[in-house]
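Reminder, nothing fancy here: chain letters follow the sequence lines and each chain counts from 1. Since we're looking at a predicted model, the values are computed, not measured. Heavy-atom basis, side chains included; hydrogens, waters and symmetry copies ignored.
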Amino acid sequence: MATIWVVGELNGDGSLARVSTEAATLARTLATAAGAEAAGIVVAADPSSAATELATYVSRVVSITDPEAAGHVWASIAAERVAEVIGSDPGTTVLVGAGPDGRDVAGALSALTGLGVLVNAIGVTWADGGPAVEMSVFGGKLITTSGFTSKGGIITIRPNTVTAEVAGTIGRIEPAAPSGSLSLPKVAITEQVVEAGAAAPIEEARIIVSGGRGVGGAAGFELVASVAAALNGAVGATRAAVDAGWIPYAQQIGQTGKIVKPELYLALGISGAIQHKVGMQTAGTIVAVNRDPDAPIAEFADLVVVGDLFEVVPALLLALEARAG
Amino acid sequence: MHIVVLTKPVPDPAAAAERLGPDHRLDRAASPAVVNANDEYALEAALKLVEASGGEITLLTMAPAGGADTMRKALAMGATRGIQVTDPVLAGSDVRSTAAVLAAALGELTFDLVLAGADTSDGGGGVVPAGIAALLRLPYLSNAARIEPDAGSGRVKVRRITPTGYDVLEAPMPALIVCTQALGEPRYPSLKGIMAARSKEIAARALADLGSDPSGLGGAASTTTVLETRRPPARGATTVVRGTPGEGAAAIVNFLATRRII
Ligand SMILES: Cc1cc2nc3c(=O)[nH]c(=O)nc-3n(C[C@H](O)[C@H](O)[C@H](O)COP(=O)(O)OP(=O)(O)OC[C@H]3O[C@@H](n4cnc5c(N)ncnc54)[C@H](O)[C@@H]3O)c2cc1C
């Protein structure tokens, strides 16, 4: 039986990354449509926790304990081990997340196997014997559906493409040792630094409250963070706010930042420049608070409140509080 | 130190005129081309490194013949020279083929570092650099916020951004590094730089020059194909609310409640 593979990515604590739970759910849907098996691969110095979790989504998990993965960058080691497991059938389909780790795996795996890559999928179905991959291109202006000429390849999946759902049964875990020595150079991790108050990853957030130059400073971003907290959302930003040093680059949305697709995007003091727009215009609902009614964001937001954010936002916090009772 | 920076001409996102031609390939005539913005961060990082400790910067691109015009701007920022791989066979290249061609071009050079941008604005998925590194068996360091090469030890240290902070990575050179905007704002070309760029060398290479077998490369060998395209559903009309802050706040809460977001 053919296999639809999903590469399990790990969080810092060894648990399974959320994007992998979504990719695994998608792999299962595709496998059902294709009459194939959905299987996972986890590569780590200690894969047990991630493999156990991945097995709640797919019927088989190859769990590779690779001591080399301790103290070394994960992606190239993972790519090589995955290549050993999946073999060289050009009809093989492999799903991985579209974040930094997933991209690194996908690129190396393509070079090792000769499989093609389709990137940043926002949806995948099974059609004509292979995956049909939907991608949002040109800053959200066009949606393309692409396939592989060999009916198999590597697909990087955007967060929130599907809702993760565990399977009814728990899959079997096949512990394995790495089968050979590594041919790709290992890169040493000499230090791991956790920064205080590292924010929730914006790519995965259902609600994003974002601040721009209009927020005025780091203090203003505390106001943005309060709204995000009240809505259970994450904090995003424009490049102007990042360049000013008010918020870390990891929170930047746009052409040279992250592309997000939350259910709600609340833009505070953001003009909506094209380079910002391409990172957020596919959000389900866009609400903007801006004192300039002619700001470009008014052309594509669903709701624009014209006013000073330092007046509207405190009122909004009160209104949300009142509603929460 | 010799740094190779991978750059790509892309349709200018600010012009917002990108489109596919009837062959489902990028219609390059539809929009003005610019250097991919993320590649400019890589170039800026290279310029700072060379300013600090000497060396040269070679730009490497795989692009249609017109790509040299775009490369002039990157040369004006201060790169030493450019190499452009151009071959009619390469139109419509996929990830695998692009990585193979750039790896072959790098194979002709001696370098300490290759710097690449995080991804390209014309639909790139940020996977090509990892492919190149794997093909050339180069140490691969991505998501870089800081780059510190040490010529004495022949090693490079990189801060790699992680979801919770950063990791410090270390590898021997030559190595391939994927850069982010966190490395710093790209400079504008100076008038002197623009003048100097006019006479800088842009070497053209065809596949035959690289000794690459064209049969597995380019559009004809692409592993992927666009099946269909559609426009995303249009956004609805915009509701504009003016009034007191309290009215504005109430309008937001009602709007979110109506859409069942809260
Ligand atoms: C190559 C390149 C790449 C780029 N990449 C990105 C990217 O990834 N992400 C990104 O965001 N940008 C990016 N930019 C920058 C982009 O062009 C804009 O400059 C930026 O998005 C503007 O940020 P802003 O909306 O915060 O600031 P501004 O454009 O200055 O807008 C501020 C807005 O706040 C409003 N305002 C001010 N004070 C208040 C107040 N008290 N109450 C209410 N409203 C107020 C103003 O009316 C204005 O509309 C890029 C630019 C280039 C050239």
Side-chain angles (χ1 to χ4, degrees), chain A residues 12 73 76 100 103-104 106-108 110-112 116-120 132 137-139 142-150 153 156 184-185 187-195 198 201 249-250 255-256 263-264 274 278 285 287 298 300-307 311-312 315-316 319 323, chain B residues 13-14 16 18 37-38 94-96 99 121 123 125-131 134-135 137 139-143 161 163-171 181-182 222-232 235-236 238-242 245-246 248-253 255-256 259 261-262:
Chain A
V73 174
S76 65
R103 291 171 164 202
D104 291 353
S110 169
L112 292 168
V117 192
L118 287 168
V119 295
N120 298 330
V137 300
F138 302 151
L142 192 69
I143 294 173
T144 59
T145 305
S146 298
F148 294 105
T149 50
S150 71
T156 68
L184 301 182
V187 173
I189 302 175
T190 57
E191 194 187 344
Q192 294 193 293
V193 177
V194 175
E195 283 177 328
Y249 168 59
Q255 186 193 321
T256 53
E263 238 175 86
L264 169 66
I274 177 92
V278 297
T285 294
V287 175
F300 58 94
D302 299 294
L303 174 68
V304 178
V305 172
V306 181
E311 294 173 0
V312 176
L316 175 62
R323 196 184 141 84
Chain B
E18 306 102 323
N38 277 325
D94 62 0
V95 164
R96 198 187 42 89
S121 55
V127 294
V128 166
L135 290 171
R137 305 290 190 251
Y140 174 75
L141 304 88
S142 65
N143 228 12
I161 301 170
T164 49
Y166 61 89
D167 289 350
V168 180
L169 314 182
E170 205 185 309
Q181 183 194 304
S222 177
T223 53
T224 61
T225 164
V226 177
L227 304 170
E228 56 180 51
T229 67
R230 64 185 165 90
R231 301 218 159 270
R235 298 201 77 91
T238 305
T239 308
V240 180
V241 174
R242 296 165 205 257
I252 295 176
V253 170
F255 195 78
L256 300 187
R259 295 200 169 196
I261 294 168
I262 54 171

Tell me, side chain or backbone of L141(B) under 4.5 Å from chain A's heavy atoms, or both, or neither? side chain
How long is the span from the CD atom in E170(B) to the CD atom in E191(A), to the nearest 0.5 Å? 11.0 Å
With a 4.5 angstrom heavy-atom cut-off, is it the side chain or the backbone of T238(B) that approaches chain A, or both, or neither? both
Using a cut-off of under 4.5 Å on heavy-atom pairs, state which of S76(A), P100(A), A106(A) scores highest against chain B. P100(A)
So do D167(B) and V193(A) actually touch side chain to side chain, heavy atoms under 4.5 Å? no
Decide yes or no for V119(A) and V127(B): does some side-chain heavy atom of the first lie under 4.5 Å from some side-chain heavy atom of the second? yes
For V128(B), is it the side chain, the backbone, both or neither that has a heavy atom under 4.5 Å from a heavy atom of chain A? neither
Residue L316(A) versus chain B: region with a heavy atom under 4.5 Å: both
Closest heavy-atom pair and its distance - A130(B), R103(A): CB-O, 4.4 Å
Can you tell me which portion of A99(B) sits under 4.5 Å from chain A's heavy atoms? Options are side chain, backbone, both or neither. neither
When the 4.5 angstrom heavy-atom criterion is applied to R137(B) and chain A, the contacting part is both
Do T145(A) and T229(B) have side chains that get closer than 4.5 Å, going by heavy atoms? no
Counting only non-hydrogen atoms closer than 4.5 Å, does V117(A) touch chain B with its backbone (N, CA, C, O), its side chain (CB onward), both, or neither? both
With only heavy atoms counted, which part of N120(A) is less than 4.5 Å from chain B, the side chain, the backbone, both or neither? side chain
T190(A) side chain to V168(B) main-chain N or O, any donor-acceptor pair under 3.5 Å? yes
Rounded to the nearest 0.5 angstrom, the CG-CG distance for N143(B) and D104(A) is 7.5 Å
Residue T285(A) versus chain B: region with a heavy atom under 4.5 Å: both
Nearest 0.5 Å please: distance from the CG atom of L118(A) over to the OG1 atom of T225(B). 9.5 Å
What distance do L142(A) atom CG and R231(B) atom CZ have between them, rounded to the nearest 0.5 Å? 6.0 Å
Flag side-chain contact, heavy atom, 4.5 Å: R323(A) against V253(B): yes
Taking every heavy atom of T223(B) against every heavy atom of G116(A), the minimum-distance pair comes out as OG1-CA, 3.1 Å
Would you check, one step at a time, whether the test side-chain contact (heavy atoms from CB on, under 4.5 Å) holds for Y140(B) with V73(A)? CA-CA 9 Å; Y140(B) 174 75; V73(A) 174; over 6 Å; no
As an exercise: rank T156(A), V287(A), V137(A) by heavy-atom pairs under 4.5 Å with chain B and give me the winner. V287(A)
Heavy-atom check, side chain of P201(A) versus side chain of P163(B), under 4.5 Å: no
State, with a plain yes or no, whether a side-chain heavy atom of R235(B) is found less than 4.5 Å away from one of D302(A). yes
Below 4.5 Å from any heavy atom of chain B, which atoms of I189(A) appear? Answer side chain, backbone, both or neither. both
Roughly how far, to the nearest 0.5 Å, is CD of Q192(A) from OH of Y166(B)? 11.5 Å
Under 4.5 Å from a heavy atom of chain A, the part of I262(B) involved: both
Once rounded to the nearest 0.5 Å, what's the spacing between atom CG of L264(A) and atom CZ of F255(B)? 9.5 Å
Most contact-rich option vs chain B, by heavy-atom pairs under 4.5 angstrom, among T256(A), T144(A), L112(A), is T256(A)
Which of V306(A), V304(A), V312(A), L303(A) passes side-chain contact (heavy atoms from CB on, under 4.5 Å) with V241(B)? Answer is L303(A)
So which part of R96(B) gets closer than 4.5 Å to some heavy atom of chain A, the side chain, the backbone, both or neither? both
Do you know which of G248(B), S222(B), G126(B), P232(B) has the most heavy-atom pairs with chain A at a distance under 4.5 angstrom? P232(B)
